[in-house]
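Here is the structure we will look at.
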Amino acid sequence: MAEHLTRLELDEWLSGLDASGRAERHVAACPACGMIAERMRQARASSLAQPRAKAVLARLEEKRARNARPWWSWGVPLVTALAVGLAMVVYVPRGAEDGVRLKGTVALRLLSVQGTLVQDAKPGEQVTLAVGTGPYRNVLVLAVDEAGAVDPLWPRDGQTSGTVEPGAEVRLSPALEVTPGSVALHAFFSDAPLDVEQAREALTSRVAEARGKGQGPLEVATPETIGKARARTLLRVVP
C-alpha cells in the first residue's frame, strides 16, 4: 500500500479537483484513508449547512463580484474553491461579536511559480513552500533526503522555528530550487517556538528506526513528540 493521502489531498478529492483520479483509486483501496475522507465529508457538509456559513459565503460572493480581476479562477463553484486546502471548516463563536472565524487544519504543500500544486519536479525548477497554519503561529519544516539526511528547510537559519500568520495559508519565502533526489518534507506547528535541533534529532531517530524495519527514509512518519500538529508531503524529483 502506498503512503496515506494527506488531508489536503483528500479535501481536494472531495472538492472534485483531483483530475488524475489518483486519490479516488487510493481511497477505494485504503480503508484508513476512506474512513478519514468520510469523516471529512460529513464534517464539511455539517459546517457549510450552518446559517452563519451561508452568510460568510454570500459576503465573499458579493466581494468577488465587485472585483474586476479576481486573484483566483472562479471557474469552479465558490464553495469548492473555499474548500481547497481546508480539511474542515470550523465555526467558532466570538463572544458577543456577530460573525464567525474560519479555522483550517494544518497543511503542507509545494507550489510552482504559477501557484499550482507540485508533486513531481525536475532539477532546476523553482518551488515555494506553502503551509496551512491552522491556529498556530510557529512553524518548522525539515527535509529528509533519499540517503536519510535531515536538514532544516524553513527557516533556513537560526535555532528555532519561524513565525507565521495563524488561520491562513502562508507561502514561505524564499523560493527553493529543486536539486536531484526526491525528498520528504515534514512540518511542525506549535503555539510556542520549536527547537530546530530537538526536532532534527527526533526525525533522525525516526529514520534510523525505519531502516531497522526495512523502510526507506522517505517513508518515515513525522514524529508526534514535536509541536502541537504536524503535516507531511513528498516531492518526487524526476530526471
Side-chain angles (χ1 to χ4, degrees), residues 3-9 85 104-166 168-211 215-239:
E3 64 177 274
H4 295 307
L5 298 176
T6 65
R7 287 182 176 268
L8 175 59
E9 290 172 319
T105 58
V106 299
L108 172 65
R109 59 178 183 160
L110 288 161
L111 303 177
S112 68
V113 175
Q114 294 77 24
T116 58
L117 183 65
V118 173
Q119 293 179 317
D120 300 286
K122 295 181 179 180
E125 293 183 357
Q126 296 283 325
V127 296
T128 299
L129 283 171
V131 292
T133 59
Y136 304 106
R137 187 175 296 277
N138 293 271
V139 176
L140 171 65
V141 183
L142 302 181
V144 180
D145 64 19
E146 294 176 336
V150 180
D151 292 298
L153 198 59
W154 193 89
R156 299 301 299 270
D157 302 308
Q159 299 178 343
T160 59
S161 53
T163 57
V164 295
E165 181 67 25
E169 181 178 74
V170 178
R171 297 189 182 189
L172 307 178
S173 61
L176 307 171
E177 181 174 334
V178 177
T179 57
S182 300
V183 291
L185 309 181
H186 300 259
F188 304 87
F189 303 81
S190 182
D191 302 314
L194 297 165
D195 183 271
V196 172
E197 193 56 35
Q198 182 181 10
R200 187 174 183 173
E201 289 178 357
L203 189 51
T204 299
S205 177
R206 185 62 64 87
V207 170
E209 293 175 2
R211 280 177 166 163
Q215 298 176 339
L218 303 186
E219 302 176 68
V220 170
T222 308
E224 300 86 356
T225 55
I226 304 298
K228 295 291 186 66
R230 291 146 294 280
R232 178 185 182 280
T233 191
L234 177 68
L235 175 64
R236 294 182 290 266
V237 179
V238 298

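Just so you know, these numbers use all the heavy atoms, side chains as well, and skip hydrogens, waters and symmetry mates. Please read these numbers as outputs of a predicted model, since none were measured by experiment.
Residue Ala130 comes nearest to Leu111 through the heavy atom pair CB-CD1, 3.8 Å, listed as atom of the first residue, atom of the second, then distance. Residues Leu110 and Leu185 come closest through the heavy atom pair CD1-CD1, 3.7 Å. Scanning all heavy atoms of the two residues, the minimum distance from Pro223 to Arg230 falls at O-CD, 2.7 Å. The minimum heavy-atom distance between Ala229 and Tyr136, with the atom names listed, is CB-CE1, 3.7 Å. Between Pro217 and Asp145, the closest heavy-atom pair is CB-O, 3.6 Å. A pairwise comparison of heavy atoms in Ser161 and Asn138 identifies OG-CB, 3.6 Å as the closest pair.
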key: Stepwise side chain to side chain contact (heavy atoms under 4.5 Å, CB included) check, Val178 with Val118   = CA-CA 11 Å; Val178 177; Val118 173; over 6 Å; no
Stepwise side chain to side chain contact (heavy atoms under 4.5 Å, CB included) check, Val131 with Phe189 = CA-CA 10 Å; Val131 292; Phe189 303 81; 4.1 Å; yes
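The shortest distance between side-chain heavy atoms of Pro166 and Pro135 does not fall below 4.5 Å. Using a 4.5 Å cut-off on side-chain heavy atoms (C-beta onward), Thr222 and Phe188 make contact. Arg156 places none of its side-chain heavy atoms less than 4.5 Å from the side chain of Pro152. At a threshold of 4.5 Å between non-hydrogen side-chain atoms, the residues Leu203 and His186 count as touching. Residues Leu129 and Leu153 meet the side-chain proximity criterion, which asks for heavy atoms closer than 4.5 Å. At least one side-chain heavy atom of Leu140 sits less than 4.5 Å from a side-chain heavy atom of Val196. By the 4.5 Å heavy-atom criterion applied to side chains, Val207 and Val144 are counted as neighbours. When side chains are defined from C-beta on, Gln215 does not count as touching Glu209, because their heavy atoms never get closer than 4.5 Å.
Atom NZ of Lys122 is separated from atom OG1 of Thr179 by 16.0 Å, given to the nearest 0.5 angstrom. Distance CD/Glu219 to CZ/Arg211: 12.0 Å, rounded to 0.5 Å. Between the CG atom in Leu176 and the CH2 atom in Trp154 there is a gap of 11.5 Å [rounded to 0.5 Å]. Interatomic distance, OG1 of Thr133 versus CG of Leu108, reported as 12.5 Å (0.5 Å rounding).
Side chains of Gln114 and Ser112: a donor-acceptor N/O pair is present below 3.5 angstrom, by distance only.
By the neighbour-count criterion of 12 heavy atoms within 6.0 Å, atom CD of Gln159 is sparsely surrounded, having that number or fewer from other residues, nucleotides or ligands.
Shown here are the side chain to side chain contact (heavy atoms under 4.5 Å, CB included) partners of Gln198, two or more places apart in sequence or in another chain: Asp195, Ile226.
Ion pairing between Arg206 and Glu224 holds under the 4.0 Å rule for side-chain N and carboxylate O. Ionic pairing of Asp191 and Arg137 is not present here: no N-O contact between side-chain nitrogen and carboxylate oxygen is shorter than 4.0 angstrom.
The main-chain N or O of Leu117 is never found under 3.5 Å from a side-chain atom of Arg109 such that the two would form a donor-acceptor pair. Put simply, the side chain of Ser182 gets close to the backbone of Val237: a donor and an acceptor are under 3.5 Å apart. Distance alone, capped at 3.5 Å, is enough to place a donor-acceptor pair between the Arg232 side chain and the Val220 backbone.
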